[in-house]
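Okay, so here's the structure we're looking at.
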Protein chains: 2
Amino acid sequence: MREALAPESRPYHHGDLSRALVDAARRLLESEGPSALSLRAVAREAGVSPAAPYHHFKDKGELLDAVAQQGWDILNVAMTAARATALSVQDKLTSLGVAYVQFAREHPALYRVMYDASRDKADLPAHFHADNDSAYCQVRDTLIEAGASDDEVELELATNAAWCAAHGLAEMAAFKQFDHLKEKLGGEEAFLRGVFSHLGIFAGTASR
Amino acid sequence: MREALAPESRPYHHGDLSRALVDAARRLLESEGPSALSLRAVAREAGVSPAAPYHHFKDKGELLDAVAQQGWDILNVAMTAARATALSVQDKLTSLGVAYVQFAREHPALYRVMYDASRDKADLPAHFHADNDSAYCQVRDTLIEAGASDDEVELELATNAAWCAAHGLAEMAAFKQFDHLKEKLGGEEAFLRGVFSHLGIFAGTASR
DNA sequence: AAGTTCATCTTGACGCCGTTCAGATTGGAG
DNA sequence: CTCCAATCTGAACGGCGTCAAGATGAACTT
C-alpha cells in the first residue's frame, strides 16, 4: 500500500514523516513564500503536532538544510541538461549561466532557502566542490573544456567569478527595475544573455 | 540613567526617538547579527517600551527601511572615495568593485538588511537610478569614462553586469571555502581583484 | 497469544516575537 | 494656565521555536 519510492528512509512501520515534512515544506514554500515557512506550519501541513518534527530534525535549521539539499539536487539536474544541449563549446558556459539564473527565477523561495541555509553555517554544502556533477564542478569542467588556464588557482578564480556573476544576476533579475530592459530585448533569456555577454568568461573569450 | 552616547544631542527635550531607534538597530546589528534584530530588542536597546516604535514607524519593515537607507548612504560614500583614489581609468572600475565588496564584508549584517528590505518590495531604493552619486550611477559613469558603448541599452546591461558580479562576489566571499584562495593570493583584496580580472567589464587587471 | 520494548507522536507549557489598543503623560500653542 | 495633540506605557492577542512528560502502537521476544 505504501510506496517505497525513497532510496533510504524510515524502514520502520509508521509513515515516512521525515520525507513528508520536507515535501510539506516545499509545498508551503511554493504556495506561500519563505516568510510563511514556520516549523509549526510545516507540521500543520503534514498533519502532525508542532513537536513531531523534533523526532526527525534537531531543529528548524536542520529541516531547512534538507529542503536546501533538494534544491541543490534539482539545480544540478537542470545544469546537467543545459550543458548537454548547448550548441557550441563557447555557448555551453552561457547556457549554464542562463540555466542557473532561470532555476533561481522559477524557484525563488527554494533558491533563497538554499543560500540562507549555507550562510548560517558560513559554509557551502559539502558536495559543492566534491561531487563531480555538482553545479560548481560542471562550471569548472566547462571552463577547462573551453580552454581556460590549467593553473589551478586561476581555474578556481575563474569558476568563482562565473558563479558570482550568475548568483548576482539571479538576485538582481528579481527586481522589477530591469523589466523594461527585458521587454526591450525580447524576454528574460535575452536579457540574461545580454548581461552575460559583458562578463569576460561568458563571452567566449577564453581567459588567459 | 539615560546615556548621552550619541555625539549630537536631541534638539527637543523629549528624545528624538526615531533616530535613536535606527541607531539602536544598527548597534544591535553590529553586535548581535541580523537574527537578533527584533523590534522588541531595538526598543529595549533604546530604553523604551515595545510599542513606542509604532509612533514613528508603521511596522518593523519601515524601521528596517530606515536602517537600510543609512547603509546605502555609507556605501555611496565609500564608492565615491574609491573612485577618487583609483590610479588609472581602467583601475577605477575594479576599485569600485573592490570597495563595494569590502563594504559588504565589513558590514555584513547591514548589507543583508539593505537587500532584504529591497527584496520584500521587489524594488530597489528609489535613489538607485536617480541620485547622481548613487553607487549604481557611479558605476555607470565610470563605464562611460572607460569608453563603454554609448548605446543606452548596452550601457545599462554593462552596469547591471558589473553590479551583479560585485553583488555575487560580496555574498560568496563570506564563505570560508575560499579562504585558502585568499591565503594563496595574499589577502582578500588580491582575491577580489583576481576574481574581477576574469570578468570582462573589469578589464583593467592591474593589481596593486 | 500475550507481554515488553522503544521509537514515534501528542499535549501542554515556556519565553520570545510583532502588533494593537486603551489609557497615562507631557511639551507647547492658545 | 488650560487644553490639545503627540508621545509613551502596560496589558493583551495570536503565532513562533523549543522542550519535558505522557500516550500509542508496531515489532520483537517468549
Side-chain angles (χ1 to χ4, degrees), chain A residues 1-4 6 8-25 28-29 31-68 109 112-113 116-117 119-121, chain B residues 1-3 6 9-25 28-29 31-68 109 112-113 116-117 119-121:
Chain A
M1 55 176 238
R2 75 179 63 62
E3 308 146 299
E8 48 136 11
S9 53
R10 296 277 74 73
Y12 278 42
H13 76 292
H14 217 49
D16 181 358
L17 184 57
S18 174
R19 179 164 298 264
L21 286 170
V22 176
D23 289 349
L28 272 178
L29 218 42
S31 62
E32 313 282 343
S35 61
L37 196 65
S38 67
L39 229 201
R40 290 177 108 105
V42 172
R44 224 176 290 134
E45 171 81 17
V48 294
S49 82
Y54 284 89
H55 293 268
H56 301 270
F57 301 98
K58 186 175 124 288
D59 56 14
K60 185 186 178 183
E62 214 170 68
L63 205 196
L64 260 28
D65 285 350
V67 175
R112 183 129 305 283
V113 169
D116 284 350
R119 197 167 9 242
D120 294 345
K121 293 197 267 304
Chain B
M1 65 157 281
R2 79 187 127 302
E3 307 156 301
S9 63
R10 315 173 273 195
Y12 285 28
H13 124 279
H14 216 64
D16 178 0
L17 186 55
S18 175
R19 175 168 300 266
L21 285 170
V22 176
D23 289 349
L28 270 178
L29 218 42
S31 61
E32 312 281 342
S35 61
L37 196 66
S38 67
L39 231 201
R40 291 177 108 104
V42 172
R44 225 177 289 136
E45 170 82 16
V48 294
S49 82
Y54 285 88
H55 293 268
H56 301 268
F57 301 97
K58 188 176 122 288
D59 55 14
K60 186 186 179 185
E62 214 170 69
L63 206 195
L64 260 28
D65 284 349
V67 174
R112 183 128 306 280
V113 169
D116 284 351
R119 196 165 13 238
D120 294 346
K121 292 198 268 305

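Worth knowing before you read on, the calculation uses all heavy atoms, side chains too, and leaves out hydrogens, waters and symmetry mates. Predicted model only: the values in this text are computed from it and were never measured. Proteins come first, then strands; the chains are lettered A, B, ... in the order of their sequence lines, and each starts at number 1.
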Phosphate OP1/OP2 of D:dC8 contacted by B:His56 side-chain N/O (<4.0 Å):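 Answer yes for this pair, as a side-chain N or O of B:His56 is under 4.0 Å from OP1 or OP2.
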
D:dC16 OP1/OP2 closer than 4.0 Å to side-chain N/O of A:Arg44: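 Looking at the OP1 and OP2 atoms of D:dC16, one of them is under 4.0 Å from a side-chain N or O of A:Arg44.
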
Closest non-hydrogen atom pair between A:Ala36 and A:Glu32, with its separation: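 Closest heavy-atom pair between A:Ala36 and A:Glu32: CB-CB, 3.4 Å.
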
Over all atoms of both residues, closest heavy-atom pair of A:Val22 and A:Phe57: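 Looks like CG2-CZ, 4.0 Å.
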
When the distance from [atom1] of [X] to [atom2] of [N] is rounded to whole Å, what number comes out?
| X | N | atom1 | atom2 | answer |
| --- | --- | --- | --- | --- |
| B:Arg40 | C:dT19 | CZ | P | 11 Å |
| B:Lys60 | C:dC16 | NZ | C1' | 12 Å |
| B:Leu17 | C:dT26 | CG | P | 16 Å |
| A:Leu39 | C:dC17 | CG | P | 18 Å |
| A:Leu21 | C:dC9 | CG | P | 9 Å |
| A:Tyr54 | C:dT11 | OH | C1' | 15 Å |
| A:Asp16 | C:dC9 | CG | C1' | 15 Å |
| B:Leu63 | C:dT19 | CG | P | 10 Å |

Side chain to side chain, A:Pro53 and A:Val42, heavy atoms closer than 4.5 Å: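 No, side chains not in contact.
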
Once rounded to the nearest 0.5 Å, what's the spacing between atom [atom1] of [X] and atom [atom2] of [Y]?
| X | Y | atom1 | atom2 | value |
| --- | --- | --- | --- | --- |
| A:Asp16 | A:Leu21 | CG | CG | 9.5 Å |
| B:Asp120 | B:Leu64 | CG | CG | 8.5 Å |
| B:Arg44 | B:Ser49 | CZ | OG | 12.0 Å |
| A:Ser31 | A:Leu37 | OG | CG | 9.5 Å |

Short side-chain to backbone donor-acceptor contact, B:Asp116 and B:Arg119, under 3.5 Å: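 The answer is no, because no donor-acceptor pair under 3.5 Å joins these two groups.
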
A:Ala68 backbone acceptor or donor facing A:Asp65 side chain under 3.5 Å: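 No, the answer is negative, given that no donor and acceptor are paired below the 3.5 Å cut-off.
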
Selection: residues 46-53 of chain A, any non-hydrogen atom under 4.0 Å of DNA chain C: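 Close to the strand are A:Val48, A:Ser49, A:Ala51, A:Ala52.
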
Residue whose nearest DNA chain C nucleotide is more 5′ - B:His55 or B:Asp59: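 Of the two residues, B:Asp59 wins.
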
Bend angle of the helix from C:dA1-D:dT30 to C:dG30-D:dC1, from helix axes over five pairs at each end, nearest 10°: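 What I find for the helix from C:dA1-D:dT30 to C:dG30-D:dC1 is an axis angle of 10°.
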
